[in-house]
Amino acid sequence: MPSKNQLTIGLDTETELVTPGNLAPRLACTSWAYREPAYHQHLHERVEGKPLRIISGVEHHTTTDDIAIWVTGASHTSDDIKLVGHNIAFDMAVLATHSPWLLPYIFAAYARGNIEDTMIREQLLDIADGSFWLKRKKTGSYSLKGLAEKYLSIEMEKGEETYRLRYGELIDTPLKDWPKEAVEYSRNDAVMTLAVYNAQSERGELKDGPAQARAAFALHLMSCWGVVTDGERVNEFVKVASDTMACHGEKLSRVGLMRMNGTKDLTKIRARVKQSGGPVKHTEKGNIATDEESLIATGDPDLALLVEFSKAQKLDSVWTRYLRQGSNPSTPVQARFHCLVESGRTSCSKPNLQNPHRATGLRECFIPRKGNLFIACDYSTLELCTLAQITTWLFRKSNMAEQLRNGVDLHLHFAAQMLRIPYEDAVERSANRDPEIKEARQIAKAANFGYPGGMGANSFRQYAKGYGVELTEKQAEKLREDWFNTWPEMRDYFKHVSTVVGNEKGVIEQFVSKRLRGGVHFTQACNSFFQGLASEGAKAALFEVARLCYADPESALFGSRPVMFIHDEIILESPSENAPEAADELAEVMRSEMKRFTPDIPIGTTVALMERWYKNAEAVRDSSGRLTAWRPNDE
DNA sequence: ACGCGATGCGCC
DNA sequence: AAAGGGCGCATCGCGT
């Protein structure tokens with residue numbers, strides 16, 4: 001709840017340039033801006049101007065008293081200070097590096113909801129009216145410059161002639177000796193940020209800004225910390241990829257599927273597919289499909305080689321340079337995390353740590369720094385839990401919720417329903433590795449993950465292949481019937497979504513966060529409710545975990561560092577001696593934070609210690625119940 | 001030379 | 001009535 005006497009302050013920092021290994025460089029100055037007349041000039045002597053009736057100033061890095069007062073909330077002139085920045089996570093990380101004692105206060109200000117971000121607010125507004133997907137990939141659409149033009153019709157200079165990239169030169173110069181342009185440039189950013197913030201409030205109702213800003217900060221700290229790789233493993237990984245490419249590439253150019261310059265000749269490849277004589281799959285636009293399934297189906301050994309070549313090539317070009325960089329401890333892999341995409345989830349790039357390809361030795365290249373272990377903790381069937389919560393809210397009764405409260409494995413439960421056997425029998429046969437049960441559970445799992453999104457029986461057949469399940473059309477339809485009968489609330493769920501979004505596109509409001517998402521069609525809406533809720537809960541958990549790691553000496557997590565966030569999973573780098581305790585606390589914090597989003601559903605987590613990044617690591621405890629590092633069988 | 005759509009595939 | 005979503009990022013091929 002904003003108090004009556006709230007002051008919003010636009011904030012910006014200027015720094016040395018970011019370098020590989022250092023995303024929170026030295027501070028040069030801080031600039032700020034707030035609206036008259038809420039606040040008075042009672043602090044330091046400063047440069048002042050009043051565009052847009054805004055009071056603004058610039059502080060040299062040697063004086064951060066104002067910032068401290070605002071961040072700590074110690075101001076006596078205002079009950080409640082909201083700090084606003086454009087990508088303010090960066091500024092907060094810079095300030096925390098400059099003045100480490102501020103860090104707990106920064107977390108506290110975030111926790112109070114007193115720090116917001118104009119970039120995130122813009123994204124929230126765009127998601128709300130359905131225009132996000134248009135702008136997401138356009139450069140500049142979420143820059144401060146872009147927003148100043150859009151909302152204020154002001155052209156901001158960002159060119160070579162500005163001081164933008166040159167503040168490092170001024171660090172050791174007293175502010176009074178700075179060129180006027182350098183001061184003004186910085187001040188202007190703060191002023192523009194404040195003006196944009198106010199304009200955004202006019203544009204539409206904004207929900208969830210503070211929570212998203214919190215997540216952005218935690219994610220940014222992860223980028224700043226980075227994660228290192230194991231040079232030996234990296235070399236092995238690179239060798240496998242380059243050998244495969246060299247070996248197959250030569251053959252492929254000989255048979256004419258590749259050109260001399262090493263590029264694939266899709267025209268020839270498509271001709272080859274046609275030539276094979278089998279059934280030919282076409283793409284949406286009518287071209288001959290060249291996906292793995294189609295190429296393998298031809299039975300042509302050259303096309304099979306091509307599949308292997310392409311995979312190796314892609315792996316190599318996506319990962320090699322980052323893996324090599326990370327094997328130098330002073331330049332860890334510092335992926336960029338983006339706190340908000342249309343679904344409410346996060347994304348990650350350069351490299352995308354959220355999709356490390358399995359079974360390639362890629363994951364295993366990532367290791368904790370010396371003296372540390374990785375702690376990996378993920379939620380168990382999180383999106384089914386959030387779906388169960390949502391159907392509970394909507395209909396008061398949800399079989400999914402009930403079964404979860406009974407501690408039932410939802411996949412096995414549905415498998416038992418499919419086979420018309422009691423759940424208890426399924427549990428027993430599953431424990432005995434009964435192959436029929438195992439297969440049924442795989443099918444059930446595919447159904448439980450696919451159908452909630454509104455999938456039809458036909459698409460499901462394709463989808464199920466990913467779970468190693470082949471179904472006829474009849475079987476798929478029967479399965480869908482069984483699924484609805486097992487989870488009767490799901491008929492009501494789809495009916496409800498239909499009424500919300502109608503036959504065209506509509507607007508939905510997320511539960512808990514009240515975040516809006518506009519321009520959504522049926523299946524998007526089906527997914528958005530539970531996927532968004534899961535994401536919001538996981539992000540809240542990440543923030544709290546980061547706070548404990550960085551700023552709470554009482555916590556077992558203090559001193560650990562989050563290094564990865566993969567939708568429903570958090571991975572920490574943790575000093576070995578304390579890692580077991582940290583792991584248990586990590587799991588506990590993740591569950592309790594999620595509880596705020598799924599109050600009626602028990603949330604389970606699985607946690608493991610690892611000496612490198614493994615998929616499928618499990619909790620291993622010694623005789624006294626203390627966690628120890630999990631190792632794969634072959635090591 | 002560069003931009004962009006189409007295609008494909010990895011992860012959750 | 002019927003309807004998986006949504007990220008990142010590579011290559012290829014075509015158009016400016």
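None of the values given here were measured: they were computed from a predicted structure. Sequence lines set the chain letters: A, B, ... in the order given, protein chains first and strands last, and positions in each chain run from 1.
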ring-ring contact (aromatic ring centres under 6.0 Å, His included) between Phe511(A) and Phe529(A), intermediate numbers included: CA-CA 7 Å; Phe511(A) 291 77; Phe529(A) 285 119; 5.6 Å; yes
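- Residues satisfying the side chain to side chain donor-acceptor pair (under 3.5 Å) test with Arg259(A), not counting sequence neighbours, are Thr263(A).
- Side-chain atoms of Ser398(A) come within 3.5 Å of backbone N or O of Ala401(A) as a donor-acceptor pair.
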N/O contacts under 3.5 Å, protein versus nucleotides 12-16 of chain C?
{"residue": "dC12(C)", "atom": "OP1", "partner": "Lys264(A)", "partner atom": "N", "Å": "2.2"}
{"residue": "dG13(C)", "atom": "OP1", "partner": "Leu266(A)", "partner atom": "N", "Å": "2.6"}
{"residue": "dG13(C)", "atom": "OP1", "partner": "Thr267(A)", "partner atom": "N", "Å": "3.4"}
{"residue": "dG13(C)", "atom": "OP2", "partner": "Arg259(A)", "partner atom": "NH1", "Å": "3.3"}
{"residue": "dG13(C)", "atom": "OP2", "partner": "Arg259(A)", "partner atom": "NH2", "Å": "2.5"}

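- By the 4.5 Å heavy-atom criterion applied to side chains, Leu124(A) and Arg515(A) are counted as neighbours.
- Contact annotation: Ser310(A) does not reach the phosphate of dT11(C) (side-chain N/O to OP1 or OP2, under 4.0 Å).
- In terms of the side chain to side chain donor-acceptor pair (under 3.5 Å) criterion, residue partners of Asp126(A) (sequence neighbours excluded) are, by chain and number, Ser131(A), Lys135(A), Tyr142(A), Arg203(A).
- Residue Tyr451(A) is classed as having no contact, given no heavy-atom separation below 4.0 Å to the nucleic acid.
- Among the atoms of the strands shown, none is found under 4.0 Å from any heavy atom of Glu569(A).
- Checked by atom type and distance alone, the side chain of Ser560(A) never pairs as donor or acceptor with a backbone atom of Ser574(A) at under 3.5 Å.
- The backbone N or O of Ser223(A) sits less than 3.5 Å from a side-chain atom of Gln334(A), completing a donor-acceptor pair.
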Could you list, one pair per line, each protein nitrogen or oxygen that sits under 3.5 Å from a nitrogen or oxygen of nucleotides 3-6 of chain B, together with the distance?
{"residue": "dA6(B)", "atom": "OP1", "partner": "Lys285(A)", "partner atom": "NZ", "Å": "3.4"}

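- For the residue pair Thr472(A) / Gln475(A), a side-chain donor-acceptor distance below 3.5 Å is found, with atom types taken as modelled.
- A donor-acceptor contact under 3.5 Å is not formed by the side chain of Arg358(A) with the base of dC11(B).
- At distances below 3.5 Å, at least one donor-acceptor pair connects side-chain atoms of Thr283(A) with backbone N or O atoms of Asn287(A).
- Evaluation of atom-type donor-acceptor distances gives a pair under 3.5 Å for the side chain of Asn503(A) against the base of dA1(C).
- Backbone-only contact: Pro356(A) has heavy atoms under 4.0 Å from sugar-phosphate atoms and none from a base.
- Considering only side-chain atoms of Phe522(A), the nucleotide from dG8(B), dG5(C), dA3(C) that sits closest is dA3(C).
- Side-chain N or O atoms of Gln354(A) include one that pairs as donor or acceptor with a backbone N or O of Phe565(A) at under 3.5 Å.
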Hey, what are the protein-to-nucleotides 7-9 of chain C N/O distances that come in under 3.5 Å?
{"residue": "dC7(C)", "atom": "OP1", "partner": "Glu342(A)", "partner atom": "N", "Å": "2.5"}
{"residue": "dC7(C)", "atom": "OP1", "partner": "Ser343(A)", "partner atom": "N", "Å": "3.3"}
{"residue": "dC7(C)", "atom": "O3'", "partner": "Ser347(A)", "partner atom": "OG", "Å": "3.4"}
{"residue": "dG8(C)", "atom": "OP1", "partner": "Ser347(A)", "partner atom": "OG", "Å": "2.9"}
{"residue": "dG8(C)", "atom": "OP2", "partner": "Arg136(A)", "partner atom": "NH1", "Å": "2.3"}
{"residue": "dG8(C)", "atom": "O4'", "partner": "Asn352(A)", "partner atom": "ND2", "Å": "3.0"}
{"residue": "dC9(C)", "atom": "OP1", "partner": "Lys350(A)", "partner atom": "N", "Å": "2.6"}
{"residue": "dC9(C)", "atom": "O2", "partner": "Lys314(A)", "partner atom": "NZ", "Å": "2.9"}

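- Within the nucleic acid shown, Arg363(A) comes within 4.0 Å of sugar-phosphate atoms alone, with no base atom in reach, counting heavy atoms only.
- Residues satisfying the ring-ring contact (aromatic ring centres under 6.0 Å, His included) criterion with Trp225(A), sequence neighbours excluded, are absent altogether.
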